[in-house]
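Letters A, B, ... are given to chains in the order of the sequence lines, protein chains preceding strands, and every chain is numbered from 1.
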Amino acid sequence: MAEENFFDRVYEVVRLIPAGRVTSYGAIAQFLGSKGSARIVGYAMGAAGKAFPPVPAHRVVNSQGLLTGKFHFDSFSQMEDMLASEGIMVEDSKVQNFKKVFWDPSIELTVD
DNA sequence: CGGTTGACTTTCA
DNA sequence: ATGAAAGCCAACC
């Protein structure tokens, strides 16, 4: 085990993403307290592949709803297929109804 | 300790 | 609207 301080934060948030919903790196970064760490979220996701329990990285996309990280999966269609299985409409590596399926941790997790 | 990298975001042209 | 460049923060070598 390693001290994935920032990574663990990202992993937890990503794991909290409900099925049929997606979020952006910036949203997670901002939820962590620093919007500038959006890249760090993506960097953490790179380690997510070896993280356990595995995080639904396929539910994390960029601000455009584009599946930028699909190249890191075993197969390019892997990410799209999983999102489709969740009920998310994906077209041309892009999440359709992105605004509808968008899940903002800073809002959903901040009920009070 | 310092430079490079990275599944990003935002802004200028 | 499209394209390129800068900015940002944390981890890795």
Where is the tightest heavy-atom contact between [X] and [Y], given as atom of each residue plus distance?
X	Y	result
A/Leu32	A/Val10	CD1-CG2, 3.7 Å
A/Ala44	A/Tyr11	O-OH, 3.2 Å
A/Pro105	A/Ala27	CG-O, 3.8 Å
A/Tyr25	A/Asn62	CE1-N, 3.4 Å
A/Ser37	A/Ala29	OG-CB, 3.3 Å
A/Ala57	A/Val14	N-CG1, 4.2 Å

Who are the side-chain contact (heavy atoms from CB on, under 4.5 Å) partners of [X], not counting sequence neighbours?
X	result
A/Ser85	A/Asp81
A/Leu16	A/Trp103, A/Leu109
A/Ala84	none

ask   = If you look at every strand shown and take non-hydrogen atoms under 4.0 Å, does A/Gly26 touch a base, only sugar-phosphate, or nothing?
value = sugar-phosphate
query = How is A/Ala57 classified with respect to the nucleic acid when contacts are heavy atoms under 4.0 Å: base, sugar-phosphate, or nothing?
reply = base
request  = Could you walk me through whether A/Val60 and A/Ile17 pass side-chain contact (heavy atoms from CB on, under 4.5 Å), step by step?
outcome  = CA-CA 9 Å; A/Val60 185; A/Ile17 301 173; 4.0 Å; yes
Pairwise ring-ring contact (aromatic ring centres under 6.0 Å, His included) hits with a residue in residues 72-97 of chain A, at least two apart = A/Phe71-A/Phe76
ask   = Would A/Ile88 end up clustered with A/Met82 when hydrophobic side chains under 4.5 Å apart are linked, directly or stepwise?
value = yes
Would you jot down, in residue-number order, the residues of [range] having a non-hydrogen atom under 4.0 Å from DNA chain B?
range	answer
residues 84-106 of chain A	none
residues 69-83 of chain A	A/Gly69, A/His72, A/Phe73
residues 16-23 of chain A	none

Please enumerate all protein N or O atoms sitting under 3.5 Å from an N or O of nucleotides 4-10 of chain C, with distances to 0.1 Å.
from  : atom 1 : to      : atom 2 : distance (Å)
C/dG7 : O6     : A/Arg39 : NH1    : 3.0

request  = Using the test side chain to side chain donor-acceptor pair (under 3.5 Å), find all partners of A/Gln30 that sit at least two apart in sequence or belong to another chain.
outcome  = none
inquiry  = For residues 11-27 of chain A, which residue pairs pass the salt bridge (Lys or Arg N to Asp or Glu O under 4.0 Å) check, not counting sequence neighbours?
reply    = A/Asp8-A/Arg15
Report all side-chain donor-acceptor pairs from residues 92-102 of chain A shorter than 3.5 Å, counting only partners two or more places apart or in another chain.
from    : atom 1 : to      : atom 2 : distance (Å)
A/Asp92 : OD2    : A/Lys94 : NZ     : 3.2
A/Ser93 : OG     : A/Lys70 : NZ     : 2.4
A/Ser93 : OG     : A/Glu80 : OE2    : 2.9
A/Gln96 : NE2    : A/Lys94 : O      : 3.1

ask   = Earliest and latest nucleotide of DNA chain B, 5' to 3', sitting under 4.0 Å from a non-hydrogen atom of chain A?
value = B/dG6 to B/dT9
